[in-house]
Amino acid sequence: MHNSNEGSVRNLIQVGSAGDIYVGSSLASRHGRSAAAESDVLDGLAREVLDQWRDEANVRGLRECAPMVIPCELEKGNGNGPGERRPEQVGLDGLVARAKALSPHQMVITGALGAGKSSIAILLVLGLLKGREPGSGESVPVIFSLSDWNPEANFWDWVIRRVSEDYEQRVKGLDPYMVKSLVQNRRIVPVLDGFDELLPLAREDAAKALNLLFDTGETLVLTSRPEAYQGAVEKVPLLRGVPVLRVLPVPPEAGRTYLAQLCDQEHLGSWQPVFETMESDPEGPVAQALSSPLMLGLAATVYTPKEADPRELLDAKRLPTRADIEGHLLDGVIPAVCAQGPRPSYLPGSVRRWRPAKAPAYCRFLAIELHRRRTHTIAWWQLRSLLTEPGVWGAVVTVAAAVCGTAASYAFAGLAALLGASPPRPGLGTAGVGQALGAVASVAIITTVFGRVLTRHLFTGFDDRPRRPAGGISGPLLLAASALTTAAIGVSLPGSTSASLCVFVLPLLSGVLLTRSSESDLAARPAQLLDGERRIALVESMVVAPAIAGTSLAFFHWLYSDPLLIVGGLVIAWSCSAAVLMALSRWGRWNATRLILAA
């Protein structure tokens, strides 16, 4: 909801629900932004989106010298009512012209798995952006994956967060306030890919939310498999009025033309039996499998090397059905891509060359993780190995810290004896000193683990999004003052109840003073969240850990008889507490996961 006033206001009454109310000369000037500045940011966003999806189109082979032609048909509704349907071949110019001719600019693109829905959405975005004039103020289409949307959340708030996360660091002037202004002024057109990727229980809520957007005339493009969209239409009949672009199977002659133009001409002879089978038996498994744009693209990739023989697709004993052929092409694409060497530097992504024998295992691990969590989104803080599962990892860290702390305690006790340190009690001996220092380390470890686990459960939970640094120096200063006070109480009144309680509360207090929710105001990129977790862990190890060490040592104040033992106890307890704090942070668990999986 927007309310803007050009003039003085004596009284203003807002009835209803509104996120923000601006009273002033113009909405654009709220944060000192002029209309020209907003136009410049919009042009920068358009260039960034164009570059991003042009690279993706190159990767998908949509911009080859022989682009794939995908037949389709455009209907006024979803096909339940009467109406003439005229299939037509889709080209980039025709697709853009069709989209611009619709009023309002709304469209649902449907097609079977691998039919090319996402590819058509990419071509549509590229066509709209190529025809956009800089400074025109035209809206910018942006592709979003619907699998990341929770239908219970506000749709436009989700769009604001996604634009901020994906483009804020890459477009000059695109800060959260500008993103919010662009979205509220409908300068960003959502192209929503993958309605069918939502969980079945979430689709009904999503269909209701999308129906409100379509019904209010919002400019919107949606892609989905036909069965998922048809189910939504049955639950929300008002969606039937939205134009539907149906993606049809690629006919054999079009598939033959595409493959013949992409393959090496010296390699064309081995394709001829495949082409003849496709045309003579259009209902056969080979023709049916290669009627999908996805499978055509995979076939062109898998059989690019000269030693690869496409005639193996005709082996009826090995590949008797369409599903078998599709599975064979899917199995072959990763080794084929990896064997081709590094990507050119102008394409997005890493240019590192992965070994073909290892790449399927990496992809299999990611697929299992995604399937286990029932999601399509990969988040670094959710990846884990068997040893870094939350409960298992806590036990591993505690035992490892205890073993290392005990070993260091006995080693230091032996060193102190060699240096002539006097035993704190008569007859205690080197083993007794080692036991005492080990007890100091144990108290520090137990205290740190308890505080960290309590903090994690109260603030974030093990599987939620990481927290971010609170910003400023007030939090760390307050935490440092609390740590000094706790240590002073513990040293002056060893074993006191107040010091015992404070030392358990310190890790909890660090969560309050050093962090804030990553969902609170500004969006963050994954690398920023990882860097924030690392900074929080380092600050805690330098502020919280020494206070815990000092108070833990105070429980064994009879060790004060020798300065060397005091230093040893502090160093060992501090090291153990800091190691636990860092290992139990998401940054520590992420690095442990990387090392374990690499091993």
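Taking both residues in full, the closest heavy atoms of Ala115 and Val247 are given as O-CG1, 3.1 Å, listed atom of the first, atom of the second, then distance. In terms of heavy atoms, Gly114 sits closest to Pro293 at O-CD, 3.2 Å. Met178 and Val41 get closest at one heavy-atom pair: CG-CG1, 3.7 Å.
Side chains of Pro273 and Leu314 form a contact here, defined as non-hydrogen atoms less than 4.5 Å apart. Counting heavy atoms from C-beta on, the side chains of Val179 and Arg162 never come closer than 4.5 Å. With a 4.5 Å cut-off on side-chain heavy atoms, Val286 and Phe275 do not count as touching. Looking at Glu533 and Trp380, their side chains come closer than 4.5 Å, going by heavy atoms from C-beta outward. Looking only at side-chain heavy atoms (C-beta outward), Tyr167 and Gln52 come within less than 4.5 Å of each other. Within the 4.5 Å cutoff, no side-chain heavy atoms of Val221 are placed close to those of Gln106. Using a 4.5 Å cut-off on side-chain heavy atoms (C-beta onward), Tyr229 and Val244 make contact. Counting heavy atoms from C-beta on, the side chains of Thr593 and Leu597 come closer than 4.5 Å.
Defined by atom type and a distance below 3.5 Å, a donor-acceptor pair is present between the side-chain atoms of Thr223 and Asp193. In this model, a donor atom of one side chain and an acceptor atom of the other lie less than 3.5 Å apart for Glu312 and Tyr303.
Thr301 places a side-chain N or O within donor-acceptor distance of the main-chain N or O of Gly297, the cut-off being under 3.5 Å. Arg534 places no side-chain N or O within 3.5 Å of a backbone atom of Leu530 that could act as its donor or acceptor partner. For the pair Gln288 (side chain) and Pro282 (backbone), a donor-acceptor distance under 3.5 Å is present. Looking only at distances, a side-chain donor or acceptor of Thr388 sits under 3.5 Å from a matching main-chain atom of Ser385. Asn154 contributes a side-chain N or O that, together with a main-chain N or O of Asp157, makes up a donor-acceptor pair within less than 3.5 Å. Judged by distance alone, with hydrogens and angles left aside, the side-chain atoms of Lys180 form no donor-acceptor pair with the main-chain N or O of Asp175 at under 3.5 Å. A donor-acceptor distance shorter than 3.5 angstrom exists from the side chain of Lys117 to the backbone of Gly111, with no hydrogens or angles considered. Under the 3.5 Å distance criterion, the side-chain polar atoms of Trp393 are matched with a main-chain donor or acceptor of Ala583. Here the side chain of Arg589 pairs a donor or acceptor atom with the backbone of Trp381 at under 3.5 angstrom.
Pairs of residues two or more places apart, or lying in two chains, that qualify as salt bridge (charged side-chain N to carboxylate O under 4.0 Å, His left out) and include a residue from residues 324-336 are Arg322-Glu326.
Qualifying side chain to side chain donor-acceptor pair (under 3.5 Å) partners for Glu279, counting only residues two or more places apart in sequence or in other chains: Arg256. By the ring-ring contact (aromatic ring centres under 6.0 Å, His included) test, Phe155 is found to be paired with Trp149, Trp158, residues two or more places apart in sequence or in another chain being considered. With sequence neighbours excluded, the residues that form a side chain to side chain contact (heavy atoms under 4.5 Å, CB included) with Leu330 are Met295, Leu298.
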Cut-off 3.5 Å, no hydrogens considered: what does the side-chain donor-acceptor table look like for residues 133-141, sequence neighbours left out?
from: Ser136; atom 1: OG; to: Glu133; atom 2: O; distance (Å): 2.6
from: Ser136; atom 1: OG; to: Glu138; atom 2: N; distance (Å): 3.4
from: Ser139; atom 1: OG; to: Arg186; atom 2: O; distance (Å): 2.9

Review item, side-chain donor-acceptor pairs of residues 197-205, under 3.5 Å, at least two apart:
from: Arg203; atom 1: NE; to: Leu198; atom 2: O; distance (Å): 3.1
from: Arg203; atom 1: NH2; to: Asp196; atom 2: O; distance (Å): 2.7
from: Arg203; atom 1: NH2; to: Leu198; atom 2: O; distance (Å): 3.4

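A salt bridge is defined here as a Lys NZ or Arg NE, NH1 or NH2 lying under 4.0 Å from an Asp or Glu carboxylate O, and Lys317 with Asp315 fails to meet this definition.
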Before you tell me yes or no, could you show the steps for Leu329 and Val333 under side-chain contact (heavy atoms from CB on, under 4.5 Å), namely the whole-Å CA-CA distance, both residues' side-chain angles and the distance that decides it to 0.1 Å? CA-CA 6 Å; Leu329 293 175; Val333 68; over 6 Å; no
